[in-house]
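In what follows, every chain begins at residue 1, and chains take the letters A, B, ... in the order their sequences are listed. Owing to the predicted nature of the structure, the values given are computational and were not obtained by experimental measurement.
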Amino acid sequence: MSDTKKITANHVARAVIPDPGFGREVEEKSRTRVSSCFQCLKCTGGCPVTFAMDIMPHQAIRMVQLGMKDEVLESSTIWVCASCETCTTRCPNDIDIAHLMDTLRQTAIAEKITPAQKEILAFHRVFMMTIRFLGRLYEPGMLGALKAWTRTLNRGEIKLGWKMFKKGKLKIVPRAVGESRELRAIFAKAKQKVKGEGSKVKG
Amino acid sequence: MKNSKLIKVSYYPGCSLDSSGREYGESTEAVARDLEVELGELPDWNCCGATSGHATNERLDVLLSARNLWIAEKAGRDLVVPCAACFQRLKTAEKKLLEGPEKEEIPIGYQGKIRIKHLADFLWEDVGPKKIREKVRKPLPGLKPVCYYGCLTVRPPRVTGARDPEDPKVMDNILKILGAQVMNWSYKTDCCGGSLVLARPDIVRRLVGKLLENAEEAGANCVVTACPLCQANLDGQQDEIARESGKKPKLPIFYFTELMGLAFQNPDTKGWWKRHLTDPRKFLKEKGLI
């Protein structure tokens with residue numbers, strides 16, 4: 001880690017004063033026993049995206065155990081994880097590591113931490129916004145909104161988009177869910193529950 | 001008389017099969033007709049939320065799939081799902097609704113009376129090799145595919161029920177029946193990067209590059225998939241990968257259902273090839289298949 005990330009005075013101070021409740025909080029939320037990790041490194045060994053991570057999966061787990069909350073929640077790792085579930089499948093202690101990454105992402109969002117990978121969170125937000133309005137994914141709308149928001153459109157992507165359009169792979173007219181009331185109820189219920197969980201943790 | 005052989009199931013196509021994975025949807029429906037399977041599209045289904053759902057809001061992720069499962073259980077038939085991600089989200093929600101605290105929190109009365117199956121597993125286990133063999137009119141001996149299962153048809157096995165998550169064989173078995181010379185490789189279930197393609201295409205290109213390289217090294221002349229996002233990434237990123245590396249690994253990337261349709265001599269196949277971003281028509285002509 002020290003190779004890729006400069007250790008600052010801030011990091012040292014945080015490492016010295018960890019958040020002792022963080023490990024337990026994450027275990028409760030994720031319903032997976034992070035504390036049973038004995039650092040066999042199987043997760044990191046099988047992870048296909050470690051080349052794009054700033055802390056390795058086994059390090060993230062150790063940091064959760066130690067209560068190094070800020071380091072984990074501010075990492076690129078939690079966003080770069082592709083949810084391929086290789087780690088979860090191979091963990092000898094049955095830790096659902098892929099799901100743990102979900103929990104960490106959700107905690108980072110709930111605590112309004114600036115994501116180390118802004119484009120990835122922007123993608124998730126635009127995707128879910130599409131589902132909220134239509135109930136189904138509308139690829140042209142989502143792609144347009146994402147690229148406008150993140151301002152990352154480049155020539156290669158325009159070419160690919162145009163090619164997909166010509167091949168009939170981008171639908172012009174979206175197909176929406178008919179029961180929009182049910183859809184609204186789902187989103188309302190999901191929001192409520194997240195708030196409830198947050199207050200429980202604080203209390 | 002003929003109807004007695006008809007297998008009736010509910011069908012959850014998922015969002016991709018309507019747009020970027022259109023040829024997967026079209027070939028699935030065509031092959032189902034050939035195999036006397038009636039796919040009853042789930043009425044008014046909604047998106048499963050995919051990666052973004054479970055990454056950002058766990059409750060929402062379960063609720064979105066719960067609605068689909070509720071509709072499916074009311075319909076009373078097994079649910080067949082061609083998209084790997086949809087399949088895995090539905091199975092995850094099913095497990096939570098039956099065993100987790102969600103059973104009380106989301107009281108939709110889901111009882112798990114129906115089975116949720118990925119399309120490839122359904123065709124192999126429920127329709128069966130005998131029926132598939134009967135329908136083959138033109139075997140595919142010139143094809144040397146590697147089967148690419150990706151992540152979510154198999155992982156995690158305690159959710160998907162996959163028997164051999166490190167070395168799945170269902171697609172290999174189907175392709176062998178079609179007469180293809182299936183090649184062995186070690187990348188069957190390695191990740192393509194999935195939806196990271198939109199925010200971090202660099203990551204996806206590195207993963208896809210490695211997959212294509214290893215497919216060629218294994219002696220394959222095409223790749224066969226069972227997931228719309230795997231196909232989109234492997235098919236759609238080849239131009240850019242070729243530009244970056246200077247090499248030209250133009251491997252056709254097929255859906256397994258397209259090759260079933262081809263071997264069955266289904267009249268609709270023509271419409272599928274032209275949708276591929278890495279055009280397979282020259283390759284199929286060379287092999288004397290179209």
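Contact annotation for A:Arg125: neither backbone nor side-chain heavy atoms come within less than 4.5 Å of a heavy atom of chain B. For a residue to count as touching a neighbouring chain, one of its non-hydrogen atoms must lie under 4.5 Å from one of that chain's; by this rule A:Met142 touches chain B with the side chain only. Both the backbone and the side chain of A:Ile120 come within less than 4.5 Å of a heavy atom in chain B. Proximity to chain B is absent for every atom of A:Leu104, based on heavy atoms less than 4.5 angstrom apart. Of the two parts of B:Arg243, neither the backbone nor the side chain holds a non-hydrogen atom closer than 4.5 Å to a non-hydrogen atom of chain A. Neither the backbone nor the side chain of A:Thr150 has a heavy atom closer than 4.5 Å to any heavy atom of chain B. At a 4.5 Å heavy-atom cutoff, the contact between B:Asp18 and chain A is made by backbone and side-chain atoms alike. Interface remark: A:Val49 contributes side-chain atoms only to the contact with chain B (heavy atom separation under 4.5 Å). Heavy-atom distances place the side chain of A:Lys147, and not its backbone, under 4.5 Å from chain B. Proximity to chain B is limited to the side chain of A:Glu139, based on heavy atoms less than 4.5 angstrom apart. Heavy-atom distances place the side chain of B:Pro201, and not its backbone, under 4.5 Å from chain A. If you measure heavy-atom distances from B:Leu198 to chain A, the contacts under 4.5 Å come from both the backbone and the side chain. Using a 4.5 Å cut-off between heavy atoms, B:Thr92 does not touch chain A at all. For A:Phe187, the parts lying near chain B are the backbone and the side chain together; criterion is any non-hydrogen pair under 4.5 Å. Using a 4.5 Å cut-off between heavy atoms, B:Arg275 touches chain A through backbone and side chain atoms alike. In this structure, the portion of A:Leu146 lying under 4.5 Å from any heavy atom of chain B is its side chain and not its backbone. Proximity to chain B (any heavy atom under 4.5 Å) is shown, for A:Val80, by both the backbone and the side chain. Heavy atoms of B:Leu207 lying under 4.5 Å from chain A belong exclusively to its side chain. Proximity to chain B (any heavy atom under 4.5 Å) is restricted, for A:Ile109, to the side chain, taken from C-beta onward. Only the side chain of B:Leu152 comes within contact range of chain A, judged by heavy atoms closer than 4.5 Å. Residue contact with chain B, scored on non-hydrogen atoms closer than 4.5 Å, involves the side chain of A:Thr88 exclusively.
Counting heavy-atom pairs under 4.5 Å between each of B:Ala199, B:Cys151, B:Ser19, B:Gly21 and chain A puts B:Ser19 at the top. If you tally non-hydrogen atom pairs under 4.5 Å between each of A:Phe127, A:Phe51, A:Phe123 and chain B, the highest count goes to A:Phe51. With chain A as the partner, the residue from B:Leu196, B:Val204, B:Asp190 showing the most heavy-atom pairs under 4.5 Å is B:Leu196. Interface summary for chain A: among B:Pro43, B:Ser16, B:Ala55, B:Cys191, the most heavy-atom pairs under 4.5 angstrom belong to B:Ala55. Comparing A:Ile78, A:Thr86, A:Leu170 by how many heavy-atom pairs each has under 4.5 Å with chain B, the most go to A:Thr86. Annotation: maximal heavy-atom pairing with chain A below 4.5 Å, among B:Gly100, B:Gly49, B:Ala50, B:Pro165, occurs at B:Gly49. Considering only heavy-atom pairs separated by less than 4.5 Å from chain A, the leading option among B:Glu240, B:Glu23, B:Gln237 is B:Glu23. Options B:Ala232, B:Ser195, B:Gly194 differ in how many heavy-atom pairs under 4.5 Å they form with chain A, and the most are formed by B:Ser195.
Both the sub-6.0 Å distance and the 45° axial angle are not jointly satisfied by B:Lys188 relative to the ring of B:Trp185. Geometrically, B:Arg67 does not engage B:Trp45 in a cation-pi contact, judged by NZ or CZ lying under 6.0 Å from the ring centre and within 45° of the ring axis.
Between the CD atom in A:Glu119 and the CZ atom in B:Arg200 there is a gap of 8.0 Å [rounded to 0.5 Å]. Residue A:Ile186 holds its CD1 atom at 5.5 Å from CG of B:Asn46, rounded to the nearest 0.5 Å. With rounding to the nearest 0.5 angstrom, the SG atom of B:Cys48 is 9.5 Å from the CG atom of A:Leu137. Expressed to the nearest 0.5 Å, how far CG of B:Leu251 lies from CG of B:Leu212 amounts to 6.0 Å. Atom CG of residue B:Asn233 and atom CZ of residue B:Arg205 lie 10.5 Å apart, to the nearest 0.5 angstrom.
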Evaluate the side chain to side chain donor-acceptor pair (under 3.5 Å) criterion for residues A:Arg62 and A:Gln65: first the C-alpha distance (whole Å), next the side-chain angles of each, then the deciding distance (0.1 Å), finally the verdict.
CA-CA 5 Å; A:Arg62 192 78 184 111; A:Gln65 289 176 338; 2.6 Å; yes
Could you go step by step and tell me if A:Arg105 and A:Ser83 meet the side chain to side chain donor-acceptor pair (under 3.5 Å) rule?
CA-CA 12 Å; A:Arg105 289 187 266 244; A:Ser83 304; 3.3 Å; yes
Criterion ring pair (Phe, Tyr, Trp, His ring centres under 6.0 Å) on B:Trp273 and B:Phe254, from CA distance to verdict:
CA-CA 9 Å; B:Trp273 317 130; B:Phe254 296 108; 5.6 Å; yes
Would A:His99 and A:Ser30 satisfy side chain to side chain donor-acceptor pair (under 3.5 Å), going step by step from the backbone distance to the final call?
CA-CA 7 Å; A:His99 182 58; A:Ser30 65; 5.7 Å; no
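Using a 4.5 Å heavy-atom cutoff, the side chains of B:Pro82 and B:Leu17 are in contact.
Partner of B:Asp239 under the salt bridge (charged side-chain N to carboxylate O under 4.0 Å, His left out) criterion, chosen from A:Lys159, A:Arg155, A:Lys163: A:Lys163. For the side chain to side chain donor-acceptor pair (under 3.5 Å) with B:Arg89, the qualifying choice from B:Asp61, B:Thr51, B:Asn68 is B:Asp61, the only one to do so.
Looking only at atom types and distance, the side chain of B:Thr153 has no donor-acceptor partner in the side chain of B:His118 under 3.5 Å away. Side-chain contact check for A:Glu27 and A:Ser35: at least one donor-acceptor pair (N or O, by modelled atom type) lies under 3.5 Å.
Between B:His276 and B:Tyr255, the ring-plane angle classifies as perpendicular under the 30° and 60° cut-offs.
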